[in-house]
Amino acid sequence: MPVTRRSSKRAESKEENGEGEKSRSDQKKNAGRARSKEEGKAEPLIAERRYRLKWLLGVDGSKRRTILFLIKWAVVVYLVISFYHAQRWGWLLQGKSFYLPYHSPGNMRKTGLNFRNLFFSIARRHGYSHRDVEKMILFPTESMFKQLSPLAHDASWPASWRNRSEAPERLCPKERMRYALERLDEVSRASKPSQLFESGETQPFVKVKGDTRNVFRASGAITLVLLPGILSELIDTKLFGDIPAWEDSNMTGRWRERLELCSRILPHEREEGEECDESDTVDRRWSLDKLDFLVEPLAGLVDVASIDAKGVEEDGEEAGRPPLPDGHPLVHLLRFNTPMGSLETMGTIERSSTTFLRRLTKVMRIMGRELKDLYLVGYSRGAAVALELLVQATKSPKLFPWVKRVRGVVSLGGVIYGTEAADTVTYDHLHKKILESVLETVEHVDYSHEGDFGSVGHAKEVASNTKLFVKMGIDLVHQLSQKEVSDAMALEFAQLGVVLPDFQTIANLMTKFLFGTFRLSEPVTEYYENIRKFKIFITMLQEGILGLTTQARIDWWTDNTIPSDIGYYSISATMADLAAPNAKEIQSPFNIVDFLSSSADFLVLRAFFHDLYNSTHGKQLNDGQVCFDRTMFWPSLITNSKQKPFKGTFLGILGAHHWSIALPSVFDGQSSNFPREVLLETLATFLAYER
């Protein structure tokens, strides 16, 4: 067969393929030999690693090594836990501070700083200066944190609180709680307002990045339910009455629309799915003038409004997130009004809470699901009412389904553990003598001859009652005229250039109020009605005051339990230090002159500040009505064995008097300059961040 070019090429390709196959087989053999060599070298390494792992785990059969293993891992676990707690205590990242587990993962100091920085950021947006804000919100000292932190750490107290003669373990729950409050008083006496101001100067403000209002963009508005303090029905101005939101806001219009809609639905025409009807748009309230209950529109008894976004915060636009539009609701506000003569903030705590609970339920039915994430904000006595209201609602969740939307309770200068100002009516004090004098008149004044006008019995009864009223007036003037003014108060008012209060004039005003309001000395046609009004008013006033005493609050805490799955927050206030007795003594920048005001509110509460300072034997951290330590939630002070651990959070101490943190004015209409709208917005923003 002849050899062609094609056949020669085929032969060449076969030879090349044969050589290629041979080379590939050689490569495989070489790779196998190399792999076996590597495996041979790796076997001792694997064996060594297995040995080390067995040795580390203590399973190599050696008891000694097993013991060493346990010791090693115990040390490792201990170091990890120590490192974890060190981080949470702040020792590693932010200097020494004191961790309070009741506000995990932060702590008392960190929480106070966060709230303070929020307040600063929002106040600056409202035009307040840096120096103004420093005096508006103070900051506790490190020694205060150190001494107060055990109260919220757990159920145990500091060892220094115990002594052999009065061991807490031997006391009943109520006595144990009083014992703890007495030790707390000792801690509180060691601090001055100026020390808190100076502590704040060492903690420079940090402006919150971005627009603080953006926190409401996704989660929606927070709802603050505002409960008033005692005697609110005698004050012309309403709670946070100077906030423009009450007049014109997003929720104000919505509230009116819903009231109008529900008022058109008769109770018997209410269909399935409709949450409200005409009966929800009205409510009854007591009238001292009529001596009867009146039915009034709910619109006059409850206000609903909202703080809305307005403008763009400086440097507030965040990347990719446009600013909130004007009118976007940030905070929903719900305020209970107390008409003159309703006596709704007097009497027992249970009576007030029942009234507000009924109205709140009606509001929630009218507004449907529009109001969510409720926080009960109790001002002064309102804090005790808020707790009682919450306890009542929790016991009957089917009647009050909105209670599931409650996220927390806020004490705003609240009487959580009683106030020493109310305690003065329970021991030998001028206030007790005054109250006893009035109560003696109330008990003996008679109206059994009502309807016998012109009879001899009527004439004798009027004469006897008039004698009692005159004696009461004389006693009031005599008791108040004997009140001594402390040297500190006299010096302070002299430095301010203010005339000291004339207590005889005050007594005359009190007598004029009682006789003028109830026309006690005039045997007119309504004489007996006025007698009954007088007796009811004084009785309710007495019950209201006694409900705020330390013993009354101890009784409440030992007889009731509060929900443990929501938060409890505290904001307190304090006026400035006592004036320095020596004119040459260097005073702190935070002194009484900073609070100089011509308003009657300031002068009256400054006098109360001195009275509270004297009755508490030296507690300067008070706002004229309540001391700082009595407004806070201290979980470890609760000695009720049925109470589950709950979360209490310290927010801040305001530099203001008791009325100015919630009321524009009380007596003369001169509004204080404390930024109440800033306070509410800061509170809601903080709660929104926590949510």
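Hydrogens, waters and symmetry mates are skipped; everything else that's a heavy atom, side chains included, is used. FYI, the numbering just counts along the sequence from 1.
Here the CD1-CG distance, from Ile554 to Asp559, works out to 11.5 Å after rounding to the nearest 0.5 Å. For the atom pair CG (Leu605) and NE2 (His610), the distance works out to 12.0 Å, reported to the nearest 0.5 Å. Rounded to the nearest 0.5 Å, atoms OG1 (Thr550) and CD (Glu182) are 9.5 Å apart. The CD atom of Gln392 lies 4.5 Å from the CD atom of Glu388; values are rounded to the nearest 0.5 Å. In this structure, CZ on Phe336 lies 10.0 Å from OG1 on Thr355, to the nearest 0.5 angstrom. Atoms CD1 and CD, from Ile122 and Glu681 in turn, are 4.5 Å apart once rounded to the nearest 0.5 Å.
Checked against the 6.0 Å centroid threshold, His658 and Phe609 do not count as a close aromatic pair.
A salt bridge is absent between Asp428 and Lys432: the closest approach of a Lys/Arg side-chain nitrogen to an acidic carboxylate oxygen does not fall below 4.0 angstrom. Ion pairing between a basic and an acidic side chain is recognised when a charged N comes within 4.0 Å of a carboxylate O; Arg365 and Asp277 show no such pairing. In summary, Asp280 and Lys362 do not engage in a salt bridge, as defined by a charged side-chain N under 4.0 Å from a carboxylate O. Salt bridge Arg553/Asp423: absent, no basic N to carboxylate O contact under 4.0 Å. The residues Glu344 and Arg351 are annotated as not salt-bridged, no charged nitrogen and carboxylate oxygen being separated by less than 4.0 angstrom. With respect to Glu690 and Lys647, a salt bridge is recorded, a charged nitrogen being found less than 4.0 Å from a carboxylate O. Checked for salt-bridge contact, Arg254 and Glu257 meet the test: a charged N lies under 4.0 Å from a carboxylate O.
Residues Leu226 and Leu334 fail the side-chain proximity criterion, which asks for heavy atoms closer than 4.5 Å. The shortest distance between side-chain heavy atoms of Asp555 and Lys174 falls below 4.5 Å. Looking only at side-chain heavy atoms (C-beta outward), Leu298 and Trp255 come within less than 4.5 Å of each other. Using a 4.5 Å heavy-atom threshold, the side chains of Ser437 and Lys471 count as separate. Under the 4.5 Å side-chain criterion, counting only non-hydrogen atoms from C-beta, Cys276 is not in contact with Met367. Thr223 places none of its side-chain heavy atoms less than 4.5 Å from the side chain of Lys372. Using a 4.5 Å heavy-atom threshold, the side chains of Met136 and Leu654 count as separate.
Looking only at distances, no side-chain donor or acceptor of Asp623 sits under 3.5 Å from a matching main-chain atom of His657. Not a single donor-acceptor pair under 3.5 Å links the side chain of Ser396 to the backbone N or O of Ala393. Side chain of Ser411 to main chain of Thr631: a donor-acceptor pair is present (N/O by atom type, distance under 3.5 Å, no hydrogens or angles). The backbone N or O of Leu612 lies less than 3.5 Å from a partner atom in the side chain of Thr616, making a donor-acceptor pair. The closest donor-acceptor contact from the side chain of Ser249 to the backbone of Ser306 lies under 3.5 Å. At distances below 3.5 Å, at least one donor-acceptor pair connects side-chain atoms of Trp634 with backbone N or O atoms of Asp629. Not one N or O on the side chain of Thr345 forms a donor-acceptor pair closer than 3.5 Å with the backbone of Ile230. Formation of a donor-acceptor pair under 3.5 Å by the Asp601 side chain with backbone atoms of Val666 is found in this model. Using modelled atom types, one side-chain atom of Thr419 and one backbone atom of Gln625 make a donor-acceptor pair closer than 3.5 Å. The backbone N or O of Ile416 lies less than 3.5 Å from a partner atom in the side chain of Trp557, making a donor-acceptor pair.
Dense packing is recorded around CG of Asp446, with more than 12 heavy atoms of other residues, nucleotides or ligands lying under 6.0 Å away. Counting non-hydrogen atoms of neighbouring residues, nucleotides and ligands closer than 6.0 angstrom, the CG atom of Asp248 reaches no more than 12 such neighbours.
Contact between Leu343 and Glu233 at its shortest, heavy atoms only, is CA-OE2, 2.7 Å. Of all heavy-atom pairs between Asn560 and Lys395, the closest is OD1-NZ, 4.5 Å. What you find for Phe115 and Leu679 is that their closest heavy atoms are CZ-CD1, 4.4 Å. Summarising the geometry of Val406 relative to Ile566, their closest heavy-atom pair is O-CG2, 3.4 Å, with the distance given to 0.1 Å. Closest approach of Leu548 to Val415, counting heavy atoms only: O-CG1, 3.9 Å. Looking at every heavy atom in both residues, Thr574 comes nearest to Leu621 through OG1-CA, 3.5 Å.
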Any chance you could lay out the salt bridge (Lys or Arg N to Asp or Glu O under 4.0 Å) test for Lys238 and Asp303, step after step, and finish with the verdict? CA-CA 10 Å; Lys238 298 180 181 179; Asp303 290 329; 3.6 Å; yes
Full working for side chain to side chain contact (heavy atoms under 4.5 Å, CB included) between Asp283 and Arg358: CA-CA 9 Å; Asp283 196 53; Arg358 184 179 66 249; 2.9 Å; yes
Run the numbers on Arg630 and Asp185 for salt bridge (Lys or Arg N to Asp or Glu O under 4.0 Å), then give the verdict. CA-CA 9 Å; Arg630 297 301 182 90; Asp185 291 342; 3.6 Å; yes
Could you go through Tyr417 and Leu181, starting from their C-alpha distance and side-chain angles, then the distance that decides it, and tell me whether this counts as side chain to side chain contact (heavy atoms under 4.5 Å, CB included)? CA-CA 8 Å; Tyr417 301 106; Leu181 287 171; 4.0 Å; yes
Under the side chain to side chain contact (heavy atoms under 4.5 Å, CB included) rule, what do Phe240 and Leu663 come out as? Steps first, then yes or no, please. CA-CA 5 Å; Phe240 295 96; Leu663 297 168; over 6 Å; no
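Checking Gln620, Lys619, Glu420 one by one against Tyr613, the side chain to side chain contact (heavy atoms under 4.5 Å, CB included) holds for a single residue, Gln620. The only member of Tyr447, Phe469, Tyr528 that meets ring-ring contact (aromatic ring centres under 6.0 Å, His included) when paired with Phe534 is Phe469.
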Donor-acceptor contacts, no H, no angles, side chain residues 537-546, under 3.5 Å, sequence neighbours left out:
from, atom 1, to, atom 2, distance (Å)
Thr539, OG1, Lys535, O, 2.7

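With hydrogens and angles left out, the side-chain atoms of Asp289 and Ser287 include no donor and acceptor closer than 3.5 Å. Side chains of Glu247 and Thr252: no donor on one and acceptor on the other come within 3.5 Å. A side-chain N or O of Arg381 and one of Ser352 form a donor-acceptor pair less than 3.5 Å apart. Judged purely by distance below 3.5 Å, without hydrogens or angles, the side chains of His429 and Ser615 never pair a donor atom with an acceptor atom.
In this structure, the side chain to side chain donor-acceptor pair (under 3.5 Å) partners of Arg676, at least two apart in sequence or on a different chain, are Asp242, Ser671, Ser672.
A cation-pi contact links Arg284 to Phe293, judged by a cut-off of 6.0 Å to the six-membered ring centre and 45° from its axis. Within the cation-pi definition used here (under 6.0 Å to the ring centroid, within 45° of the axis), Arg359 does not qualify as a partner of Phe356.
The ring pair (Phe, Tyr, Trp, His ring centres under 6.0 Å) contacts involving residues 662-681 comprise Trp659-Phe667, where partners must be two or more places apart or lie in separate chains.
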